[in-house]
Number of protein chains: 2
Amino acid sequence: MATEEQQFLEDYEPKEYPSVALTVDLVVFAVTDSVLHAVFIRRGGRPFRGALALPGGFVKPDEDALHAAWRELEEETGLDLGRHRAHVEQLATYSSPERDPRMRVVSVAHLALLATDSRTLPGLSPGSDASAAHWKPVHEVLADEELAFDHRDILTEALERLAGKIEYTLTAARLVPEEFALYQLRHVYDAVWNSRLDAGNFTRKMTGALTDTGRKVARSKGAPATVFTVKDEYLSPPLVRPAAGAHR
Amino acid sequence: MATEEQQFLEDYEPKEYPSVALTVDLVVFAVTDSVLHAVFIRRGGRPFRGALALPGGFVKPDEDALHAAWRELEEETGLDLGRHRAHVEQLATYSSPERDPRMRVVSVAHLALLATDSRTLPGLSPGSDASAAHWKPVHEVLADEELAFDHRDILTEALERLAGKIEYTLTAARLVPEEFALYQLRHVYDAVWNSRLDAGNFTRKMTGALTDTGRKVARSKGAPATVFTVKDEYLSPPLVRPAAGAHR
DNA sequence: TCGTTTATTGTCACTCTGACAATAAGCAGT
DNA sequence: ACTGCTTATTGTCAGAGTGACAATAAACGA
(Lines give C-alpha, C1' and ligand atoms only; values in the text may rest on other atoms or scores of the structure.)
Protein backbone atom coordinates (compact mmCIF):
# COMPACT_ATOMS: atom_id res chain seq x y z
CA MET A 1 0.00 0.00 0.00
CA ALA A 2 2.89 2.31 0.71
CA THR A 3 4.04 2.12 -2.89
CA GLU A 4 0.53 2.76 -4.16
CA GLU A 5 0.42 5.81 -1.94
CA GLN A 6 3.78 6.98 -3.26
CA GLN A 7 2.61 6.53 -6.82
CA PHE A 8 -0.42 8.67 -6.08
CA LEU A 9 1.74 11.42 -4.65
CA GLU A 10 4.08 11.39 -7.64
CA ASP A 11 1.16 11.67 -10.02
CA TYR A 12 -0.53 14.39 -7.99
CA GLU A 13 -1.10 17.61 -9.87
CA PRO A 14 -1.94 20.62 -7.71
CA LYS A 15 -5.19 22.13 -8.83
CA GLU A 16 -6.07 25.77 -8.87
CA TYR A 17 -5.93 27.26 -5.43
CA PRO A 18 -5.64 30.77 -4.06
CA SER A 19 -2.11 31.47 -2.85
CA VAL A 20 -0.73 34.00 -0.40
CA ALA A 21 2.62 35.24 0.81
CA LEU A 22 3.36 33.98 4.31
CA THR A 23 5.40 36.01 6.76
CA VAL A 24 6.19 36.04 10.44
CA ASP A 25 6.14 39.10 12.69
CA LEU A 26 7.95 39.18 16.00
CA VAL A 27 7.14 40.88 19.26
CA VAL A 28 10.46 40.63 21.11
CA PHE A 29 10.20 41.49 24.79
CA ALA A 30 12.87 42.11 27.40
CA VAL A 31 12.81 43.82 30.79
CA THR A 32 15.24 46.35 32.26
CA ASP A 33 14.77 48.25 35.48
CA SER A 34 11.17 47.10 35.79
CA VAL A 35 10.30 48.47 32.36
CA LEU A 36 9.06 46.26 29.54
CA HIS A 37 10.81 46.90 26.22
CA ALA A 38 10.25 45.57 22.71
CA VAL A 39 12.27 45.62 19.48
CA PHE A 40 11.08 47.98 16.75
CA ILE A 41 12.29 48.98 13.33
CA ARG A 42 11.84 52.46 11.91
CA ARG A 43 10.45 52.04 8.41
CA GLY A 44 12.49 53.65 5.67
CA GLY A 45 10.36 52.72 2.67
CA ARG A 46 6.72 52.90 1.83
CA PRO A 47 4.13 52.30 2.89
CA PHE A 48 4.11 53.68 6.45
CA ARG A 49 7.45 55.43 5.92
CA GLY A 50 8.73 56.75 9.24
CA ALA A 51 6.42 54.67 11.36
CA LEU A 52 7.58 51.99 13.75
CA ALA A 53 7.20 48.38 12.72
CA LEU A 54 7.82 44.98 14.21
CA PRO A 55 10.69 42.84 12.90
CA GLY A 56 9.68 40.01 10.59
CA GLY A 57 10.09 38.44 7.18
CA PHE A 58 9.01 35.77 4.75
CA VAL A 59 8.65 32.14 5.65
CA LYS A 60 10.86 30.09 3.34
CA PRO A 61 9.53 27.10 1.41
CA ASP A 62 11.29 24.51 3.54
CA GLU A 63 10.64 25.87 7.03
CA ASP A 64 7.64 26.31 9.29
CA ALA A 65 6.59 29.56 10.91
CA LEU A 66 8.32 28.91 14.21
CA HIS A 67 11.60 28.20 12.46
CA ALA A 68 11.23 31.37 10.41
CA ALA A 69 10.59 33.32 13.61
CA TRP A 70 13.85 32.08 15.17
CA ARG A 71 15.76 32.83 11.99
CA GLU A 72 14.35 36.33 11.70
CA LEU A 73 15.00 36.95 15.36
CA GLU A 74 18.65 36.27 14.76
CA GLU A 75 18.86 38.08 11.41
CA GLU A 76 16.96 41.22 12.25
CA THR A 77 18.22 41.79 15.74
CA GLY A 78 21.69 40.40 15.20
CA LEU A 79 21.42 38.43 18.41
CA ASP A 80 23.68 35.48 18.96
CA LEU A 81 21.11 32.95 20.06
CA GLY A 82 23.79 30.50 21.04
CA ARG A 83 24.58 32.88 23.86
CA HIS A 84 21.20 34.30 24.71
CA ARG A 85 18.39 32.60 26.57
CA ALA A 86 15.34 33.02 24.36
CA HIS A 87 11.81 31.67 24.12
CA VAL A 88 9.58 31.91 21.04
CA GLU A 89 5.94 30.91 20.73
CA GLN A 90 3.16 31.52 18.27
CA LEU A 91 0.71 34.29 19.03
CA ALA A 92 -1.93 34.51 16.32
CA THR A 93 -2.29 34.82 12.58
CA TYR A 94 -3.32 38.06 10.89
CA SER A 95 -4.98 37.52 7.55
CA SER A 96 -7.12 40.51 6.68
CA PRO A 97 -6.92 40.94 2.88
CA GLU A 98 -6.20 44.66 3.33
CA ARG A 99 -3.55 44.43 6.01
CA ASP A 100 -0.74 45.14 3.54
CA PRO A 101 -1.83 47.56 0.81
CA ARG A 102 0.71 46.16 -1.66
CA MET A 103 -0.41 42.55 -1.86
CA ARG A 104 -1.94 39.68 0.02
CA VAL A 105 0.32 38.95 2.98
CA VAL A 106 -0.68 36.65 5.80
CA SER A 107 1.44 36.95 8.90
CA VAL A 108 1.90 34.59 11.78
CA ALA A 109 2.73 36.75 14.79
CA HIS A 110 5.12 35.38 17.38
CA LEU A 111 6.02 36.29 20.91
CA ALA A 112 9.73 36.18 21.76
CA LEU A 113 11.10 36.57 25.27
CA LEU A 114 14.76 37.37 25.87
CA ALA A 115 16.43 36.89 29.22
CA THR A 116 18.25 39.88 30.71
CA ASP A 117 20.19 40.50 33.89
CA SER A 118 17.53 43.14 34.71
CA ARG A 119 20.01 45.96 34.08
CA THR A 120 21.00 45.92 30.39
CA LEU A 121 19.06 45.03 27.27
CA PRO A 122 20.53 42.49 24.85
CA GLY A 123 22.67 44.31 22.31
CA LEU A 124 21.16 44.71 18.85
CA SER A 125 23.84 44.34 16.22
CA PRO A 126 23.78 47.35 13.90
CA GLY A 127 25.38 45.43 11.04
CA SER A 128 22.35 43.23 10.66
CA ASP A 129 19.62 42.97 8.07
CA ALA A 130 17.42 45.49 9.82
CA SER A 131 18.24 49.11 9.10
CA ALA A 132 17.66 50.28 12.64
CA ALA A 133 16.38 47.76 15.12
CA HIS A 134 16.22 49.19 18.61
CA TRP A 135 14.58 48.75 21.98
CA LYS A 136 11.68 50.96 23.05
CA PRO A 137 9.53 50.94 26.17
CA VAL A 138 6.30 49.18 25.24
CA HIS A 139 3.87 51.31 27.22
CA GLU A 140 5.34 54.51 25.80
CA VAL A 141 5.17 53.24 22.24
CA LEU A 142 1.55 52.22 22.65
CA ALA A 143 0.77 55.65 24.01
CA ASP A 144 2.69 57.86 21.60
CA GLU A 145 3.85 56.20 18.42
CA GLU A 146 2.35 55.39 15.07
CA LEU A 147 2.78 51.75 14.13
CA ALA A 148 2.85 50.36 10.60
CA PHE A 149 0.27 47.91 9.20
CA ASP A 150 -1.70 46.18 11.98
CA HIS A 151 1.33 46.05 14.22
CA ARG A 152 -0.42 47.95 16.99
CA ASP A 153 -2.99 45.16 17.21
CA ILE A 154 -0.23 42.57 17.28
CA LEU A 155 1.72 44.38 19.98
CA THR A 156 -1.39 44.81 22.10
CA GLU A 157 -2.27 41.17 21.77
CA ALA A 158 1.27 40.13 22.65
CA LEU A 159 1.23 42.23 25.79
CA GLU A 160 -2.14 40.89 26.86
CA ARG A 161 -1.04 37.33 26.18
CA LEU A 162 2.08 37.73 28.28
CA ALA A 163 0.21 39.48 31.09
CA GLY A 164 -2.31 36.67 31.21
CA LYS A 165 0.13 33.84 30.87
CA ILE A 166 2.37 34.82 33.77
CA GLU A 167 -0.65 34.53 36.05
CA TYR A 168 -0.66 30.76 35.90
CA THR A 169 2.74 29.82 34.47
CA LEU A 170 6.40 30.60 35.17
CA THR A 171 6.78 32.18 31.74
CA ALA A 172 8.02 35.33 33.46
CA ALA A 173 11.21 33.44 34.29
CA ARG A 174 12.02 33.41 30.56
CA LEU A 175 12.80 37.11 30.87
CA VAL A 176 15.41 36.55 33.55
CA PRO A 177 18.62 34.47 33.76
CA GLU A 178 18.39 30.79 34.48
CA GLU A 179 19.42 31.53 38.07
CA PHE A 180 17.79 34.58 39.52
CA ALA A 181 16.74 36.35 42.69
CA LEU A 182 13.11 36.93 43.58
CA TYR A 183 13.36 40.67 43.09
CA GLN A 184 14.32 40.10 39.46
CA LEU A 185 11.29 37.96 38.83
CA ARG A 186 9.09 40.40 40.71
CA HIS A 187 10.35 43.25 38.56
CA VAL A 188 9.25 41.30 35.49
CA TYR A 189 5.74 41.07 36.90
CA ASP A 190 5.78 44.76 37.74
CA ALA A 191 6.97 45.63 34.24
CA VAL A 192 4.35 43.55 32.49
CA TRP A 193 1.45 44.33 34.78
CA ASN A 194 2.52 47.88 35.43
CA SER A 195 2.11 47.11 39.10
CA ARG A 196 4.12 47.26 42.32
CA LEU A 197 3.72 43.90 44.00
CA ASP A 198 4.33 43.42 47.70
CA ALA A 199 7.69 41.70 48.09
CA GLY A 200 6.68 39.59 51.08
CA ASN A 201 3.54 38.21 49.53
CA PHE A 202 5.34 37.61 46.25
CA THR A 203 7.96 35.54 48.02
CA ARG A 204 5.34 33.49 49.84
CA LYS A 205 3.42 32.66 46.69
CA MET A 206 6.31 32.06 44.34
CA THR A 207 8.76 29.98 46.35
CA GLY A 208 6.63 26.84 46.09
CA ALA A 209 7.34 26.62 42.36
CA LEU A 210 11.05 27.38 42.62
CA THR A 211 14.18 25.56 43.71
CA ASP A 212 16.48 27.21 46.23
CA THR A 213 20.06 26.89 45.02
CA GLY A 214 21.31 27.59 48.52
CA ARG A 215 23.43 30.45 47.23
CA LYS A 216 22.90 34.13 47.86
CA VAL A 217 23.71 37.16 45.80
CA ALA A 218 24.48 40.62 47.18
CA ARG A 219 22.99 43.79 45.78
CA SER A 220 24.67 47.15 46.26
CA LYS A 221 22.35 47.86 49.16
CA GLY A 222 20.36 45.74 51.56
CA ALA A 223 20.36 42.10 52.50
CA PRO A 224 21.59 39.53 49.98
CA ALA A 225 18.89 37.69 48.05
CA THR A 226 18.57 33.95 47.63
CA VAL A 227 19.29 32.57 44.16
CA PHE A 228 16.50 30.43 42.74
CA THR A 229 15.88 28.19 39.77
CA VAL A 230 12.55 27.30 38.15
CA LYS A 231 11.08 24.03 39.41
CA ASP A 232 7.50 23.91 38.08
CA GLU A 233 6.07 25.05 34.79
CA TYR A 234 2.73 26.01 36.30
CA LEU A 235 1.81 28.20 39.24
CA SER A 236 -0.76 26.76 41.53
CA PRO A 237 -2.60 28.52 42.87
CA PRO A 238 -2.25 31.19 40.21
CA LEU A 239 -1.13 34.73 40.93
CA VAL A 240 -3.86 37.19 40.14
CA ARG A 241 -3.13 40.44 38.41
CA PRO A 242 -4.17 43.38 40.60
CA ALA A 243 -6.86 45.66 39.18
CA ALA A 244 -5.73 48.60 37.03
CA GLY A 245 -4.15 51.23 39.31
CA ALA A 246 -1.70 49.76 41.81
CA HIS A 247 -1.94 51.18 45.32
CA ARG A 248 1.42 52.67 46.16
CA MET B 1 0.77 62.76 0.31
CA ALA B 2 -2.23 60.52 -0.07
CA THR B 3 -2.01 60.75 -3.83
CA GLU B 4 1.71 60.14 -3.78
CA GLU B 5 1.06 57.07 -1.67
CA GLN B 6 -1.60 55.91 -4.14
CA GLN B 7 0.78 56.39 -7.03
CA PHE B 8 3.33 54.27 -5.24
CA LEU B 9 0.85 51.50 -4.72
CA GLU B 10 -0.27 51.54 -8.35
CA ASP B 11 3.31 51.29 -9.54
CA TYR B 12 4.16 48.58 -7.02
CA GLU B 13 5.39 45.34 -8.56
CA PRO B 14 5.38 42.35 -6.24
CA LYS B 15 8.82 40.82 -6.13
CA GLU B 16 9.66 37.20 -5.86
CA TYR B 17 8.33 35.70 -2.71
CA PRO B 18 7.53 32.17 -1.56
CA SER B 19 3.82 31.50 -1.74
CA VAL B 20 1.65 28.96 0.02
CA ALA B 21 -1.92 27.70 -0.07
CA LEU B 22 -3.89 28.95 2.92
CA THR B 23 -6.67 26.91 4.45
CA VAL B 24 -8.75 26.85 7.59
CA ASP B 25 -9.52 23.80 9.68
CA LEU B 26 -12.39 23.67 12.12
CA VAL B 27 -12.83 21.96 15.44
CA VAL B 28 -16.59 22.19 15.95
CA PHE B 29 -17.68 21.32 19.47
CA ALA B 30 -21.12 20.67 20.94
CA VAL B 31 -22.28 18.95 24.12
CA THR B 32 -25.07 16.38 24.59
CA ASP B 33 -25.78 14.47 27.75
CA SER B 34 -22.54 15.65 29.36
CA VAL B 35 -20.49 14.29 26.46
CA LEU B 36 -18.33 16.52 24.29
CA HIS B 37 -18.76 15.91 20.56
CA ALA B 38 -16.96 17.24 17.49
CA VAL B 39 -17.68 17.20 13.76
CA PHE B 40 -15.59 14.86 11.63
CA ILE B 41 -15.45 13.89 8.00
CA ARG B 42 -14.50 10.42 6.82
CA ARG B 43 -11.95 10.83 4.07
CA GLY B 44 -12.84 9.23 0.76
CA GLY B 45 -9.76 10.15 -1.26
CA ARG B 46 -6.06 10.00 -0.71
CA PRO B 47 -4.06 10.62 1.24
CA PHE B 48 -5.33 9.21 4.55
CA ARG B 49 -8.23 7.46 2.83
CA GLY B 50 -10.62 6.11 5.45
CA ALA B 51 -9.25 8.21 8.29
CA LEU B 52 -11.21 10.88 10.10
CA ALA B 53 -10.50 14.50 9.29
CA LEU B 54 -11.62 17.90 10.47
CA PRO B 55 -13.80 20.03 8.21
CA GLY B 56 -12.04 22.89 6.46
CA GLY B 57 -11.20 24.48 3.15
CA PHE B 58 -9.31 27.15 1.28
CA VAL B 59 -9.31 30.79 2.27
CA LYS B 60 -10.53 32.84 -0.67
CA PRO B 61 -8.59 35.85 -1.97
CA ASP B 62 -11.02 38.42 -0.60
CA GLU B 63 -11.66 37.04 2.87
CA ASP B 64 -9.71 36.61 6.06
CA ALA B 65 -9.30 33.33 7.92
CA LEU B 66 -12.12 33.96 10.37
CA HIS B 67 -14.54 34.69 7.55
CA ALA B 68 -13.43 31.53 5.77
CA ALA B 69 -14.01 29.56 8.95
CA TRP B 70 -17.61 30.79 9.24
CA ARG B 71 -18.22 30.05 5.58
CA GLU B 72 -16.81 26.56 5.79
CA LEU B 73 -18.73 25.91 8.98
CA GLU B 74 -21.92 26.61 7.09
CA GLU B 75 -20.91 24.82 3.90
CA GLU B 76 -19.42 21.68 5.33
CA THR B 77 -21.89 21.07 8.13
CA GLY B 78 -24.93 22.45 6.37
CA LEU B 79 -25.84 24.41 9.49
CA ASP B 80 -28.16 27.35 9.21
CA LEU B 81 -26.17 29.86 11.17
CA GLY B 82 -29.02 32.33 11.14
CA ARG B 83 -30.79 29.92 13.45
CA HIS B 84 -27.93 28.48 15.47
CA ARG B 85 -26.00 30.17 18.23
CA ALA B 86 -22.35 29.78 17.27
CA HIS B 87 -19.00 31.15 18.33
CA VAL B 88 -15.79 30.93 16.27
CA GLU B 89 -12.28 31.92 17.30
CA GLN B 90 -8.79 31.33 16.03
CA LEU B 91 -6.77 28.57 17.61
CA ALA B 92 -3.32 28.37 16.03
CA THR B 93 -1.63 28.07 12.67
CA TYR B 94 -0.03 24.84 11.45
CA SER B 95 2.71 25.39 8.94
CA SER B 96 5.02 22.39 8.90
CA PRO B 97 6.23 21.97 5.29
CA GLU B 98 5.38 18.27 5.42
CA ARG B 99 1.94 18.48 6.96
CA ASP B 100 0.24 17.79 3.64
CA PRO B 101 2.24 15.38 1.48
CA ARG B 102 0.79 16.78 -1.74
CA MET B 103 1.88 20.39 -1.49
CA ARG B 104 2.64 23.25 0.83
CA VAL B 105 -0.54 23.99 2.75
CA VAL B 106 -0.65 26.27 5.76
CA SER B 107 -3.76 25.96 7.86
CA VAL B 108 -5.24 28.31 10.42
CA ALA B 109 -7.10 26.12 12.89
CA HIS B 110 -10.28 27.48 14.45
CA LEU B 111 -12.40 26.54 17.41
CA ALA B 112 -16.16 26.64 16.84
CA LEU B 113 -18.70 26.23 19.63
CA LEU B 114 -22.33 25.42 18.86
CA ALA B 115 -25.10 25.87 21.39
CA THR B 116 -27.33 22.88 22.09
CA ASP B 117 -30.29 22.24 24.36
CA SER B 118 -28.08 19.60 26.07
CA ARG B 119 -30.18 16.78 24.57
CA THR B 120 -29.76 16.83 20.77
CA LEU B 121 -26.84 17.75 18.55
CA PRO B 122 -27.34 20.30 15.77
CA GLY B 123 -28.39 18.49 12.60
CA LEU B 124 -25.74 18.13 9.93
CA SER B 125 -27.28 18.50 6.50
CA PRO B 126 -26.36 15.52 4.34
CA GLY B 127 -26.81 17.47 1.09
CA SER B 128 -23.86 19.67 1.88
CA ASP B 129 -20.39 19.95 0.47
CA ALA B 130 -18.98 17.42 2.88
CA SER B 131 -19.46 13.81 1.92
CA ALA B 132 -20.20 12.59 5.40
CA ALA B 133 -19.91 15.09 8.21
CA HIS B 134 -21.03 13.63 11.50
CA TRP B 135 -20.71 14.07 15.25
CA LYS B 136 -18.42 11.85 17.27
CA PRO B 137 -17.52 11.85 20.97
CA VAL B 138 -14.19 13.62 21.28
CA HIS B 139 -12.64 11.47 23.98
CA GLU B 140 -13.49 8.28 22.12
CA VAL B 141 -12.04 9.57 18.89
CA LEU B 142 -8.83 10.59 20.57
CA ALA B 143 -8.57 7.14 22.11
CA ASP B 144 -9.50 4.96 19.15
CA GLU B 145 -9.43 6.64 15.76
CA GLU B 146 -6.81 7.48 13.21
CA LEU B 147 -6.87 11.12 12.20
CA ALA B 148 -5.65 12.53 8.89
CA PHE B 149 -2.76 14.98 8.54
CA ASP B 150 -1.93 16.70 11.84
CA HIS B 151 -5.56 16.81 12.84
CA ARG B 152 -4.93 14.90 16.05
CA ASP B 153 -2.64 17.70 17.21
CA ILE B 154 -5.23 20.28 16.27
CA LEU B 155 -8.03 18.45 18.07
CA THR B 156 -5.90 18.01 21.17
CA GLU B 157 -4.96 21.65 21.20
CA ALA B 158 -8.59 22.69 20.73
CA LEU B 159 -9.68 20.58 23.68
CA GLU B 160 -6.93 21.92 25.89
CA ARG B 161 -7.73 25.50 24.88
CA LEU B 162 -11.39 25.08 25.69
CA ALA B 163 -10.66 23.30 28.97
CA GLY B 164 -8.38 26.12 30.02
CA LYS B 165 -10.54 28.96 28.83
CA ILE B 166 -13.66 27.96 30.72
CA GLU B 167 -11.67 28.24 33.94
CA TYR B 168 -11.65 32.01 33.83
CA THR B 169 -14.30 32.95 31.27
CA LEU B 170 -17.95 32.16 30.59
CA THR B 171 -17.07 30.60 27.25
CA ALA B 172 -18.82 27.43 28.38
CA ALA B 173 -22.11 29.31 28.01
CA ARG B 174 -21.52 29.37 24.26
CA LEU B 175 -22.32 25.66 24.23
CA VAL B 176 -25.73 26.19 25.81
CA PRO B 177 -28.82 28.24 24.86
CA GLU B 178 -28.90 31.93 25.65
CA GLU B 179 -31.15 31.15 28.61
CA PHE B 180 -30.11 28.10 30.53
CA ALA B 181 -30.28 26.29 33.85
CA LEU B 182 -27.22 25.74 35.98
CA TYR B 183 -27.23 22.00 35.42
CA GLN B 184 -26.83 22.58 31.69
CA LEU B 185 -23.78 24.75 32.21
CA ARG B 186 -22.41 22.31 34.74
CA HIS B 187 -22.79 19.47 32.27
CA VAL B 188 -20.66 21.44 29.82
CA TYR B 189 -17.89 21.67 32.38
CA ASP B 190 -18.23 17.98 33.14
CA ALA B 191 -18.06 17.12 29.44
CA VAL B 192 -15.00 19.22 28.77
CA TRP B 193 -13.11 18.45 31.96
CA ASN B 194 -14.32 14.89 32.15
CA SER B 195 -15.28 15.64 35.72
CA ARG B 196 -18.31 15.46 38.00
CA LEU B 197 -18.55 18.81 39.71
CA ASP B 198 -20.46 19.26 42.94
CA ALA B 199 -23.76 20.95 42.11
CA GLY B 200 -23.91 23.02 45.28
CA ASN B 201 -20.43 24.47 44.97
CA PHE B 202 -20.93 25.07 41.26
CA THR B 203 -24.04 27.12 42.00
CA ARG B 204 -22.26 29.16 44.65
CA LYS B 205 -19.34 30.02 42.42
CA MET B 206 -21.18 30.62 39.18
CA THR B 207 -24.20 32.68 40.19
CA GLY B 208 -22.16 35.83 40.71
CA ALA B 209 -21.45 36.08 36.99
CA LEU B 210 -25.02 35.30 35.90
CA THR B 211 -28.35 37.10 35.79
CA ASP B 212 -31.37 35.40 37.31
CA THR B 213 -34.28 35.72 34.89
CA GLY B 214 -36.72 34.97 37.72
CA ARG B 215 -38.19 32.12 35.73
CA LYS B 216 -37.91 28.43 36.46
CA VAL B 217 -37.90 25.41 34.21
CA ALA B 218 -39.04 21.92 35.22
CA ARG B 219 -37.11 18.81 34.43
CA SER B 220 -38.81 15.43 34.23
CA LYS B 221 -37.62 14.69 37.74
CA GLY B 222 -36.64 16.78 40.73
CA ALA B 223 -37.08 20.38 41.65
CA PRO B 224 -37.39 22.99 38.89
CA ALA B 225 -34.21 24.90 38.08
CA THR B 226 -33.77 28.63 37.83
CA VAL B 227 -33.22 30.07 34.35
CA PHE B 228 -30.13 32.23 34.04
CA THR B 229 -28.46 34.48 31.51
CA VAL B 230 -24.80 35.41 31.20
CA LYS B 231 -23.90 38.67 32.94
CA ASP B 232 -20.10 38.82 32.96
CA GLU B 233 -17.55 37.72 30.41
CA TYR B 234 -14.97 36.75 33.01
CA LEU B 235 -15.19 34.53 36.06
CA SER B 236 -13.61 35.97 39.14
CA PRO B 237 -12.36 34.22 41.03
CA PRO B 238 -11.72 31.56 38.41
CA LEU B 239 -12.99 28.03 38.64
CA VAL B 240 -10.15 25.56 38.89
CA ARG B 241 -10.17 22.32 37.02
CA PRO B 242 -9.98 19.37 39.41
CA ALA B 243 -6.94 17.10 39.04
CA ALA B 244 -7.16 14.21 36.59
CA GLY B 245 -9.48 11.56 38.05
CA ALA B 246 -12.66 13.03 39.49
CA HIS B 247 -13.80 11.50 42.78
CA ARG B 248 -17.23 10.08 42.18
C1' DT C 1 28.99 51.54 65.45
C1' DC C 2 25.02 53.64 63.42
C1' DG C 3 21.69 54.46 59.97
C1' DT C 4 19.83 52.94 55.75
C1' DT C 5 18.26 49.62 52.65
C1' DT C 6 16.45 45.39 51.31
C1' DA C 7 15.12 40.17 51.78
C1' DT C 8 12.54 37.20 54.25
C1' DT C 9 9.41 35.64 57.79
C1' DG C 10 5.47 36.44 60.69
C1' DT C 11 0.76 38.07 61.92
C1' DC C 12 -4.03 38.71 61.39
C1' DA C 13 -8.59 39.27 59.93
C1' DC C 14 -10.97 37.99 56.04
C1' DT C 15 -12.40 35.32 52.03
C1' DC C 16 -12.77 31.28 49.40
C1' DT C 17 -12.57 26.35 49.15
C1' DG C 18 -14.23 21.36 48.98
C1' DA C 19 -17.03 18.02 51.17
C1' DC C 20 -21.20 17.15 52.65
C1' DA C 21 -25.72 17.92 55.18
C1' DA C 22 -30.26 20.03 55.13
C1' DT C 23 -34.07 21.90 53.01
C1' DA C 24 -37.35 22.68 49.28
C1' DA C 25 -39.90 21.34 45.36
C1' DG C 26 -41.19 18.81 41.71
C1' DC C 27 -42.96 13.91 39.62
C1' DA C 28 -44.84 9.04 39.54
C1' DG C 29 -47.13 5.63 41.40
C1' DT C 30 -50.17 3.93 44.85
C1' DA D 1 -53.61 12.75 49.20
C1' DC D 2 -49.61 10.33 50.57
C1' DT D 3 -45.07 8.10 49.89
C1' DG D 4 -40.84 7.71 47.84
C1' DC D 5 -37.61 9.33 44.69
C1' DT D 6 -35.04 12.82 42.44
C1' DT D 7 -32.96 17.14 41.91
C1' DA D 8 -32.01 22.41 42.90
C1' DT D 9 -30.52 25.36 46.17
C1' DT D 10 -28.88 26.88 50.60
C1' DG D 11 -26.22 26.04 54.70
C1' DT D 12 -22.25 24.44 57.55
C1' DC D 13 -17.60 24.00 58.76
C1' DA D 14 -12.77 23.28 59.08
C1' DG D 15 -8.91 24.36 56.41
C1' DA D 16 -6.26 26.89 52.94
C1' DG D 17 -5.08 31.21 50.69
C1' DT D 18 -5.31 36.36 50.63
C1' DG D 19 -3.65 41.39 51.08
C1' DA D 20 -1.81 44.63 54.18
C1' DC D 21 1.57 45.44 57.06
C1' DA D 22 4.86 44.56 61.05
C1' DA D 23 9.09 42.36 62.64
C1' DT D 24 13.41 40.46 61.98
C1' DA D 25 17.81 39.70 59.68
C1' DA D 26 21.60 40.92 56.93
C1' DA D 27 24.13 43.46 54.24
C1' DC D 28 26.68 48.37 53.07
C1' DG D 29 28.72 52.96 53.66
C1' DA D 30 29.87 56.67 56.43
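We name chains A, B, ... by the order of the sequence lines, and we start the count at 1 in each one.
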Just how far, in rounded Å, is [atom2] of [N] from [atom1] of [X]?
| X | N | atom1 | atom2 | result |
| --- | --- | --- | --- | --- |
| A:D198 | C:dT8 | CG | C1' | 11 Å |
| B:L197 | D:dT9 | CG | C1' | 16 Å |
| B:F202 | D:dA8 | CZ | P | 12 Å |
| A:R241 | D:dG19 | CZ | P | 15 Å |
| A:D212 | C:dA7 | CG | C1' | 13 Å |
| B:M206 | D:dT9 | CE | C1' | 15 Å |
| B:K205 | D:dG11 | NZ | P | 18 Å |
| B:N201 | D:dA8 | CG | P | 14 Å |

**Message:** Can you list, in residue-number order, the parts of residues 218-229 of chain B that come under 4.0 Å of DNA chain D, counting heavy atoms only?
**Reply:**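 Residues of residues 218-229 of chain B that come under 4.0 Å of DNA chain D are, in numerical order, B:R219, B:K221, B:G222, B:A223, B:P224, B:A225, B:T226.
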Check your understanding: Looking only at side-chain N and O atoms, does B:K216 come under 4.0 Å of OP1 or OP2 in C:dA25?
Key ->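 B:K216 to C:dA25 OP1/OP2: no side-chain N or O under 4.0 Å.
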Identify which nucleotide among D:dG17, C:dA7, C:dC16 has an atom closest to any side-chain atom of A:P237, counting heavy atoms from C-beta outward.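 That would be D:dG17.
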I'd like to know if A:R204 reaches the base of D:dG19 with its side chain, counting only an N/O donor and acceptor under 3.5 Å.
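Indeed there is one.
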| task | Could you pick out which residue, A:Y183 or B:P238, lies toward the 5' side of DNA chain C when each is mapped onto its nearest nucleotide? | result |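 Closer to the 5' end of DNA chain C: A:Y183.
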So which heavy atom on B:V176 is nearest to which on B:S118, and how close?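 Closest approach of B:V176 to B:S118: CG2-OG, 4.4 Å.
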Would you call A:K136 and A:E140 a salt bridge, using N to O less than 4.0 angstrom?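 Not counted as a salt bridge, because no side-chain N and carboxylate O are separated by less than 4.0 Å.
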Worksheet item: Any Lys/Arg nitrogen of A:R152 or A:E145 sitting under 4.0 Å from an Asp/Glu carboxylate oxygen of the other?
Response: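 Not counted as a salt bridge, because no side-chain N and carboxylate O are separated by less than 4.0 Å.
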ask   = If you measure only the distance, is there a donor-acceptor pair under 3.5 Å linking the side chains of B:T93 and B:S95?
value =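 No, no side-chain donor-acceptor pair sits under 3.5 Å.
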Checklist entry - Would the number of heavy atoms belonging to other residues, nucleotides or ligands and lying under 6.0 Å from NE2 of A:H84 be above 12? => result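 Buried by this count: over 12 neighbours within 6.0 Å.
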| field | Of A:T116, A:L114, A:L185, A:L113, the residue whose pairing with A:L175 passes side chain to side chain contact (heavy atoms under 4.5 Å, CB included) | value |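 It is A:L113; the other options fail the test.
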With a 6.0 Å cut-off on the ring centroids, do A:F228 and A:F180 count as close?
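They do not qualify: ring centres at least 6.0 Å apart.
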